[in-house]
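Read the structure below first, then the notes.
Residue numbering restarts at 1 for every chain, and letters A, B, ... go by the order of the sequence lines.
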Number of protein chains: 2
Amino acid sequence: MDIQLKRGLLDVCVLAAIRNEDSYGYKIIKDMKPYLELSESTLYTILKRLETANMLSVRTAEHDGRLRKYYHITGDGIKRIEDFKDDWKEIETIYRFVTKEEQEHA
Amino acid sequence: MDIQLKRGLLDVCVLAAIRNEDSYGYKIIKDMKPYLELSESTLYTILKRLETANMLSVRTAEHDGRLRKYYHITGDGIKRIEDFKDDWKEIETIYRFVTKEEQEHA
DNA sequence: ATATAATACATCGCGTTACGATGTATACCA
DNA sequence: TGGTATACATCGTAACGCGATGTATTATAT
C-alpha cells in the first residue's frame, strides 16, 4: 500500500482497534496486522498523539508481573471515526474520478 | 477532508486530471476543484515530483502570447493509477474494519 | 543452563510532504 | 488606473512514518 495513503488510515485504524475494548500496544499491532501493518515506533508515536488530542485515555495496569498501558477510546475518539465516515463519501467520489475510463466519442 | 487522507489521493488525482488530455497547472486546479482542492504551491510541487518520477512529461507551448507548460501522462503514470486501484481493495477492507459496529452478545 | 525469541514500552533522527507566504509577469475589464 | 484572473515558481515550516536503537521481563528451545 502506498505510504501516503496509509498515513490517512493509521490514526483511525488504531482507534478502531481499541473501540470495542481497551487494548495495549503489542496487541493493537497484532490486531491491526491483517488490515494495516505498522512498526512499534509508529504505533507509540500515534498513541501519544491521540492521547494529546484527547481521543483516548491511558491507564497502567499490571499483567503477569509487568506493567502494561491500556488505551481507552474517548468521545473525541469516537467522533474521529465518525468524521472519517463523512470523509469516506468524498473519497468514493474521488475514486470514481480517478478510475473512470475515457468514454467513446460516438 | 482530513489532510493526511488527502495526501494519499493528491498524486493520483493530478494524474487522473491529465489522463484523458494534456493539461496545464491552472486548468488542473480548476478541474480537480470539485473533488479535491489544492493550492498552486502544492500543485507545482506535485507536478515536479511526478515529472522526476517519470509519471508525466512536460512540453512548453505558447498560448495567447504567453507560455504554458502542458503535462502529459506516461506509462508509469498510468501504472500509478492502476496501483491505486489495487490499493483500493485494501482500503475498502480497512473501511469495513473501522466502521463495523460491535455486535450484540446474545 | 543458556541462548533465542516473544512480549512490552520508548526515543532519536531522517526523509517526504502539504501549504501559506511571497514573487514575477501578462491579459482583461471597469 | 486599479483590480482580478491567468500562469508559473520558490522558500520555510510543521507534521508524520519509520528504521535504528535501547531497556527489561518472560517463555521456549537447544
Side-chain angles (χ1 to χ4, degrees), chain A residues 1-15 17-18 22-33 35-53 55-72 80 87 90 94, chain B residues 1-15 17-18 22-33 35-53 55-72 80 87 90 94:
Chain A
M1 155 124 31
D2 174 66
I3 197 196
Q4 301 303 325
L5 218 38
K6 191 178 176 181
R7 281 170 92 114
L9 302 168
L10 274 169
D11 279 25
V12 100
C13 221
V14 168
L15 288 170
I18 64 167
D22 296 357
S23 188
Y24 55 94
Y26 226 71
K27 184 167 190 297
I28 293 170
I29 288 173
K30 281 201 286 184
D31 289 344
M32 283 179 61
K33 201 155 199 166
Y35 305 102
L36 215 50
E37 291 195 42
L38 77 173
S39 68
E40 292 177 60
S41 63
T42 300
L43 179 64
Y44 290 111
T45 306
I46 291 170
L47 288 171
K48 192 150 286 176
R49 180 167 67 238
L50 292 175
E51 189 191 352
T52 303
M55 292 187 188
L56 50 77
S57 58
V58 192
R59 150 180 68 88
T60 302
E62 201 181 303
H63 178 86
D64 282 342
R66 76 175 110 163
L67 293 177
R68 264 190 194 158
K69 291 179 79 171
Y70 285 90
Y71 297 91
H72 176 79
R80 177 70 180 80
D87 282 345
E90 289 182 52
I94 290 166
Chain B
M1 153 125 34
D2 174 67
I3 199 198
Q4 299 305 321
L5 220 37
K6 191 178 176 182
R7 281 171 91 112
L9 302 168
L10 273 170
D11 280 25
V12 100
C13 223
V14 168
L15 288 171
I18 64 168
D22 295 358
S23 188
Y24 55 94
Y26 227 71
K27 185 167 192 294
I28 293 170
I29 288 174
K30 282 201 285 184
D31 289 344
M32 281 179 62
K33 201 154 200 166
Y35 305 103
L36 216 49
E37 290 195 44
L38 78 172
S39 68
E40 292 177 59
S41 62
T42 301
L43 179 65
Y44 290 111
T45 308
I46 291 170
L47 288 171
K48 191 149 284 177
R49 181 167 67 240
L50 292 175
E51 189 191 354
T52 304
M55 292 186 188
L56 49 78
S57 58
V58 192
R59 151 179 67 91
T60 301
E62 201 180 302
H63 177 84
D64 281 342
R66 75 176 110 164
L67 293 177
R68 264 189 194 159
K69 290 179 79 171
Y70 285 90
Y71 297 90
H72 177 79
R80 177 70 180 79
D87 283 346
E90 289 181 54
I94 291 166

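In this structure, A:L56 CG and A:S23 OG are separated by 11.0 Å, a value rounded to the nearest 0.5 Å.
Residues that satisfy the side-chain contact (heavy atoms from CB on, under 4.5 Å) test with B:T42, not counting sequence neighbours, are B:L10, B:L38, B:S39, B:I46. Residues satisfying the side-chain contact (heavy atoms from CB on, under 4.5 Å) test with B:R7, not counting sequence neighbours, are A:Q4, A:R7, B:Q4. Scanning for side-chain contact (heavy atoms from CB on, under 4.5 Å) contacts around A:E37 gives A:K33, with sequence neighbours left out. Residues meeting the salt bridge (Lys or Arg N to Asp or Glu O under 4.0 Å) test with B:D31, sequence neighbours left out: B:K27. For A:D11, the side chain to side chain donor-acceptor pair (under 3.5 Å) criterion is met by A:R49, not counting sequence neighbours. Every residue meeting the side chain to side chain donor-acceptor pair (under 3.5 Å) condition with B:R68, not counting sequence neighbours, appears here in chain and number order: B:Y24, B:H63, B:Y70.
For B:L38 and C:dC19, the CG to C1' distance is 10 Å, given to the nearest whole Å. Look at CG on A:L43: it is 15 Å from P on C:dT7, rounded to the nearest Å. Atom CG in B:L36 sits about 11 Å away from atom C1' in C:dA18, given to the nearest Å. Here C:dA18 presents its P atom at 13 Å from CE of B:M1, a figure rounded to the nearest Å.
Closest non-hydrogen pair, A:Y35 versus B:I94, comes out as O-CD1, 3.5 Å.
Contacts between chain B and DNA chain D, taken as any atom within less than 4.0 angstrom of a protein heavy atom, begin and end at D:dT6 to D:dC16.
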Between B:E40 and B:Y26, is a side chain to side chain contact (heavy atoms under 4.5 Å, CB included) present by the stated rule, with each step listed?
CA-CA 8 Å; B:E40 292 177 59; B:Y26 227 71; 4.1 Å; yes

Does the pair B:L9 and B:M1 meet the rule for a side chain to side chain contact (heavy atoms under 4.5 Å, CB included), with working shown?
CA-CA 11 Å; B:L9 302 168; B:M1 153 125 34; 4.2 Å; yes

Hey, mind stepping through B:V12 and A:L5 against side chain to side chain contact (heavy atoms under 4.5 Å, CB included) and telling me if it holds?
CA-CA 11 Å; B:V12 100; A:L5 218 38; over 6 Å; no

Please enumerate all protein N or O atoms sitting under 3.5 Å from an N or O of nucleotides 14-17 of chain C, with distances to 0.1 Å.
unit_1: C:dT17; atom_1: O4'; unit_2: B:R7; atom_2: NH2; d: 3.0
unit_1: C:dT17; atom_1: O2; unit_2: B:R7; atom_2: NH2; d: 3.3

Contacts under 3.5 Å, N or O only, protein and nucleotides 27-30 of chain C:
unit_1: C:dA27; atom_1: O4'; unit_2: B:R66; atom_2: NH2; d: 3.3

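Side chain of B:D87 to main chain of A:D2: a donor-acceptor pair is present (N/O by atom type, distance under 3.5 Å, no hydrogens or angles).
Within residues 22-33 of chain B, the residues that have a heavy atom under 4.0 Å from DNA chain D are, in order of number, B:Y24, B:G25, B:Y26, B:K30.
Counting only residues at least two apart or on different chains, the salt bridge (Lys or Arg N to Asp or Glu O under 4.0 Å) pairs with a member in residues 56-67 of chain A are A:D22-A:R59.
Between A:T42 and A:L67, the residue anchored closer to the 5' end of DNA chain C is A:L67, taking for each the nucleotide with the nearest heavy atom.
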